[in-house]
Amino acid sequence: QVLRSVMLFPTIERMAQSPQGKLMTPLLCKLRYILYMPVYLLSFLPEGAKASLVRFALRGMKTCDESSIITSLNLFSVDCIANILYMASQEMMKVVERDSTTIKQNLKKLIFYYGTGDSWCPQHYYDEIKMDFPDGDIRLCEKGLRHAFVLDASKEMAAMITDWLQDDLTKL
């Protein structure tokens, strides 16, 4: 009963071969255990000090709301970091080929939104999927939003998606 699925900055293929994947795959697949000790040591800091470190790390964001900071405090948990890094290492190894069969079967229900400067999902992935599925609703971001839009453009993205889905929402 899915009316529409919106794929935002879709990392659905060749993750390890993307520019960011080439940089991160060795770290995630071979060196991730090295990160556990600093996280373990940082976990002993008081919550206020951890929040200050997060604010410092996110200082370049246009708008950084308190929920981003609160959520980021989980990154001081070794269990959380271990799970994140394991999942990411698995993604690097297993997200290889785009599932064109599933896309073709569901094309009318899918909206793809690619970034122009996305190092996880470069623009040539957009060009290729657009060529393979010319009738698909496959869009290229013209607003300069980035892959991690949730950090500084979540309201803007939500407004765009609401506009895209207006016809579907009226059917509910």
Side-chain angles (χ1 to χ4, degrees), residues 5-100 102-103 110-129 139-141 143-161:
S5 181
V6 181
M7 313 285 282
L8 303 174
F9 304 95
T11 50
I12 58 172
E13 61 179 307
R14 299 177 280 175
M15 284 184 73
Q17 284 130 22
S18 69
Q20 192 69 18
K22 288 177 184 175
L23 177 71
M24 296 300 291
T25 298
L27 176 67
L28 294 169
C29 293
K30 296 189 172 51
L31 303 174
R32 70 177 190 263
Y33 303 104
I34 294 170
L35 297 174
Y36 296 170
M37 183 55 74
V39 171
Y40 174 74
L41 294 173
L42 290 170
S43 72
F44 291 108
L45 289 173
E47 293 300 304
K50 292 176 194 175
S52 293
L53 282 173
V54 170
R55 281 187 188 89
F56 179 75
L58 299 177
R59 71 191 176 284
M61 305 294 150
K62 289 187 285 187
T63 58
C64 183
D65 60 30
E66 196 62 25
S67 63
S68 296
I69 292 164
I70 292 167
T71 303
S72 296
L73 292 177
N74 290 322
L75 298 175
F76 291 96
S77 161
V78 174
D79 289 339
C80 181
I81 287 295
N83 288 333
I84 290 168
L85 296 178
Y86 176 74
M87 180 186 75
S89 71
Q90 292 300 298
E91 289 175 336
M92 294 304 114
M93 292 185 289
K94 296 186 185 221
V95 179
V96 181
E97 291 183 34
R98 174 183 0 121
D99 185 354
S100 293
T102 301
I103 292 170
L110 299 173
I111 298 172
F112 291 90
Y113 190 69
Y114 285 82
T116 53
D118 188 345
S119 57
W120 281 111
C121 189
Q123 187 172 336
H124 70 271
Y125 289 12
Y126 160 82
D127 296 334
E128 292 168 5
I129 196 170
R139 304 165 189 220
L140 187 61
C141 177
K143 298 177 180 249
L145 301 180
R146 61 195 183 118
H147 191 90
F149 67 87
V150 296
L151 294 175
D152 55 12
S154 57
K155 290 179 182 172
E156 185 176 0
M157 183 64 78
M160 281 189 331
I161 294 169

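All figures in this text were calculated on a predicted structure; none of them were measured in a lab. Computed over heavy atoms, backbone and side chain alike; hydrogens, waters and symmetry mates excluded.
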Are the side chains of Met160 and Phe149 in touch, meaning some heavy atoms are under 4.5 Å apart?
-> no
For Leu73 and Ala51, which heavy atoms make the closest approach, and how far apart are they?
-> CD2-N, 3.6 Å
Within a strict 4.5 Å, meaning less than it, do heavy atoms of the Ile129 and Ile103 side chains meet?
-> yes
Closest contact, heavy atoms only, Leu45 versus Lys50 = O-CE, 2.9 Å
Report, as yes or no, whether the 6.0 Å neighbourhood of atom OH on Tyr40 holds more than 12 heavy atoms from other residues, nucleotides or ligands.
-> no
Determine which pairs satisfy salt bridge (charged side-chain N to carboxylate O under 4.0 Å, His left out) with at least one residue from residues 6-15, sequence neighbours left out, and list them in order.
-> Glu13-Arg98, Arg14-Glu128
Check whether the ring centres of Tyr114 and Phe9 lie less than 6.0 Å apart, and answer yes or no.
-> no
Can you tell if the side chain of Thr11 reaches within under 4.5 Å of the side chain of Asp118, non-hydrogen atoms only?
-> no
Report yes if some heavy atom in the side chain of Leu8 is under 4.5 Å from a heavy atom in the side chain of Ile161; otherwise report no.
-> yes
Flag side-chain contact, heavy atom, 4.5 Å: Leu75 against Ile84 | yes
Are Val6 and Phe112 side-chain neighbours, meaning at least one heavy-atom pair lies under 4.5 Å?
-> no
Least distance between heavy atoms, Met157 atom then Tyr113 atom | CE-CE2, 3.8 Å
With sequence neighbours excluded, give me every salt bridge (charged side-chain N to carboxylate O under 4.0 Å, His left out) pair touching residues 16-36.
-> none
Below 4.5 Å, heavy atoms only, C-beta onward: do Pro19 and Pro122 meet side chain to side chain?
-> yes
Is there side-chain contact between Tyr126 and Arg139, with heavy atoms separated by less than 4.5 Å?
-> no
